[in-house]
> 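Quick one: structure below, then a few questions.
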Amino acid sequence: MKQKKIKYFNLSKLRDIHYDRLINKVKNNFNVDMNDWVSNPYTFLKSRFYIEFSCILVYLAQFTNITPNIFTMTYAVLGVLGAFLITINNDFIILSGLLILFTKNVFDWGDGLLAKIKNQSSDLGGLLDSWGGIVGAYTFIGGFGFYLFNKTNNELFLIIAFLIILLKALDLKDFAYQMSMYELFNAKNKKSVLNKLNLKKKPNYLTNKNSLINKVKNFVQNFLDDRSRSFDFILLLIFIDNFYLNIVLIEYIYYYILFRTTLLFLGGIYISFKKKHLYKN
C-alpha cells in the first residue's frame, strides 16, 4: 500500500494563501480593508506583522507533527503567561510579559493556515480558538488589576478585577448564546434549530440606528472592547507608565472597564428577559 505523499509549501506560497484568506475574512467579518493603510493604519501594520511571522511558524510546523490545536493552545497559554508576568513588580519581567501579550496572536493567526495546508480543520479547532480568546481576555483583566495594585498599593483594583471577571462569567446573554450553539451543535436537524433561534431577527431597538439606546450600546461595545487594538493600546500605556512616565489615565481606564462590563451584564439580563430573542427551550 502506497503512502500518501505529503505536500509541503514554500514560504512564498504560504504568504499568498494567507494574505488572500485573511484579506477576505477581515473584509467579510469586520468590513475592514486590510490593504487600506490610510483609513486603517493600525490594521494595515498589525495584520502584516501577524501574517508574516505566522507564515514563518507555519512553514516550520508543516515539517513536524505539530497540529493546529497545538498552535491554539500555545496562544491560550501565552495569554495566561503574559498576564501573570505583568503582575510581578520587576521591570524586566513586566517587559517580557508585555512582549508576550503583544505577539501571542501570531499563533492565533497561524492555526487556521496550518489547518488548511495539513487538512486538519475541525469543530474542536474552532471551539479552542474562541476559548483561547476568552482565556486571554479574562487573564489579562486579572493581570492588569494586579499591575495597578503593585503601582498604587490600592486593594480596590484587586476587588475590581474580581468583579469584572465575575460579571463576565455570569453574563446571561453570553450563556444564552452558548446554550443556543450547544443545541445547534448536537442537533440532527440543524435547520429546525436555526429557525427556532431566529437569529436574523433583531429587536426593534437594534434596527433603529439613530435610537439613543443603540448609540450608547455601540459606544460601550466598541470603546476599549476585547479586540486586539484595545489590548495593544492598554499595553502601550502600561509600557510608558512603567518605564517612562506616570500615567494616571490607566487607572481610570480600569474603572471604565468595570463600568462597561457592568452595563453589558445588565443589558444582557434585560435582553434575555424582555426581548426574548435568544435561546428558547
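This structure is a prediction, so every number in the text was calculated from the model and none was measured.
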> Which heavy-atom pair separates Gly132 from Ala76 by the least distance, and what is that distance?
CA-CB, 3.9 Å
> State whether the side chain of Asp241 and the backbone N or O of Leu237 hold a donor-acceptor pair below 3.5 Å, judged by distance alone.
no
> Tyr147 and Lys151: side-chain donor and acceptor closer than 3.5 Å?
no
> Under the rule for side-chain contact (heavy atoms from CB on, under 4.5 Å), what residues qualify as partners of Asp36, not counting sequence neighbours?
Asp33, Val38, Ser39, Asn40
> Is the closest side-chain heavy-atom distance between Ile253 and Phe233 below 4.5 Å?
yes
> Is the distance between the ring centroids of Tyr8 and Tyr59 under 6.0 Å?
no
> Side chain to side chain contact (heavy atoms under 4.5 Å, CB included), that's the test. Do Asn154 and Leu148 meet it? Break it down for me.
CA-CA 8 Å; Asn154 186 348; Leu148 292 174; over 6 Å; no
> Would you say Val106 and Glu52 make side-chain contact, with heavy atoms under 4.5 Å?
no
> Please enumerate all residues that pass side-chain contact (heavy atoms from CB on, under 4.5 Å) together with Leu236, with sequence neighbours excluded.
Ile240
> Of the non-hydrogen atoms in Gln62 and Leu114, which two are nearest, and what is the gap between them?
N-CD1, 4.3 Å
> To the nearest 0.5 Å, what is the distance between CG on Asp232 and CZ on Phe239?
13.5 Å
> Hey, does the side chain of His18 reach the backbone of Lys13 with a donor-acceptor pair shorter than 3.5 angstrom?
no
> Flag the pair Phe9 / Val58 as yes when at least one side-chain heavy-atom distance between them is below 4.5 Å, and no otherwise.
no
> Please round to the nearest 0.5 Å and tell me the distance separating atom CD1 of Ile159 and atom CG of Leu258.
11.0 Å
> Which residue in the set Tyr255, Tyr252, Phe144 passes ring pair (Phe, Tyr, Trp, His ring centres under 6.0 Å) when paired with Phe157?
Tyr255
> Nearest heavy-atom pair of Pro68 and Gln120: which atoms, and what distance?
CD-OE1, 2.8 Å
> Which pair of heavy atoms, one from Ile86 and one from Ile94, lies closest together, and at what distance?
CG2-O, 4.0 Å
> Could you tell me the separation between the CD1 atom of Ile238 and the CZ atom of Phe231, rounded to the nearest 0.5 Å?
10.5 Å
> Are Leu22 and Tyr50 close enough, and set up right, to give a side chain to side chain contact (heavy atoms under 4.5 Å, CB included), and what steps lead you there?
CA-CA 11 Å; Leu22 290 175; Tyr50 285 152; over 6 Å; no
> What distance separates Leu57 CG from Trp109 CH2, expressed to the nearest 0.5 Å?
14.0 Å
> Checking side-chain polar atoms at under 3.5 Å, does Asn10 have a donor or acceptor matched by the opposite partner on Arg15?
no
> Between Ile100 and Leu78, what is the shortest heavy-atom contact and its length?
CG2-O, 3.3 Å
> Are the side chains of Leu113 and Ile117 in contact, using a 4.5 Å heavy-atom criterion?
yes
> Show the atom names and distances, to 0.1 Å, of all donor-acceptor pairs under 3.5 Å that link a side chain in residues 133-141 to residues at least two apart or in another chain.
| unit_1 | atom_1 | unit_2 | atom_2 | d |
| --- | --- | --- | --- | --- |
| Tyr138 | OH | Lys168 | O | 3.2 |
| Tyr138 | OH | Ala169 | N | 3.4 |
| Thr139 | OG1 | Val135 | O | 2.8 |
| Thr139 | OG1 | Gly136 | O | 3.3 |

> Give me the atom names and distance for the closest heavy-atom approach of Ile250 to Ile247.
CG1-O, 3.2 Å
> Going from CD1 on Ile234 to CZ on Arg229, what distance comes out if it is rounded to the nearest 0.5 angstrom?
12.0 Å
> So for atom NZ, which belongs to Lys46, do other residues, nucleotides or ligands contribute more than 12 heavy atoms lying within a distance under 6.0 Å?
yes
> Examine Leu99 and Val77 and state if one hydrophobic cluster contains both, with Ile, Leu, Val, Met, Phe, Trp and Tyr joined whenever side-chain heavy atoms are less than 4.5 Å apart.
no
> To the nearest 0.5 Å, tell me how far Ile257 CD1 sits from Leu167 CG.
13.0 Å
> Tell me the salt bridge (charged side-chain N to carboxylate O under 4.0 Å, His left out) pairs involving residues 92-112, sequence neighbours left out?
none
> Just to verify, what does Leu266 make a side-chain contact (heavy atoms from CB on, under 4.5 Å) with, not counting sequence neighbours?
Thr262
> Counting only heavy atoms not in Phe146, do more than 12 fall under 6.0 Å of its CZ?
no
> With side chains defined as the heavy atoms from C-beta onward, is the minimum distance between Cys55 and Leu11 less than 4.5 Å?
yes
> Side-chain contact, heavy-atom cut-off 4.5 Å: Ile164 with Tyr254?
yes
> Please determine, by modelled atom types, if Glu251 and Tyr256 share a side-chain donor-acceptor pair under 3.5 angstrom.
no
> Do any N or O atoms from the side chain of Asn150 and from the backbone of Thr87 form a donor-acceptor pair under 3.5 angstrom?
yes
> Answer yes or no: does atom OH of Tyr42 have more than 12 heavy-atom neighbours from other residues, nucleotides or ligands under 6.0 Å?
yes
> State, yes or no, whether a side-chain contact exists between Phe44 and Met34 at a heavy-atom distance under 4.5 Å.
no
> With hydrophobic residues grouped by side-chain heavy-atom distances under 4.5 Å, do Ile23 and Trp37 end up in a single group?
no
> Do any pairs count as a ring-ring contact (aromatic ring centres under 6.0 Å, His included) and have a residue in residues 67-105, sequence neighbours left out, and if so which ones?
Phe49-Phe102, Phe71-Phe107
> Following the transitive rule for hydrophobic clusters with a side-chain heavy-atom cut-off under 4.5 Å over Ile, Leu, Val, Met, Phe, Trp and Tyr, establish whether Phe162 and Leu158 coincide in one cluster.
no
> For Thr74 and Ile70, what are the C-alpha separation, side-chain angles and deciding distance, and is it a side chain to side chain contact (heavy atoms under 4.5 Å, CB included)?
CA-CA 6 Å; Thr74 302; Ile70 291 177; 4.1 Å; yes
> Give a yes or no on this: more than 12 heavy atoms of other residues, nucleotides or ligands lie within 6.0 Å of atom CZ of Phe53.
no
> Counting C-beta onward and ignoring hydrogens, is there a side-chain heavy-atom pair between Lys118 and Thr67 closer than 4.5 Å?
no
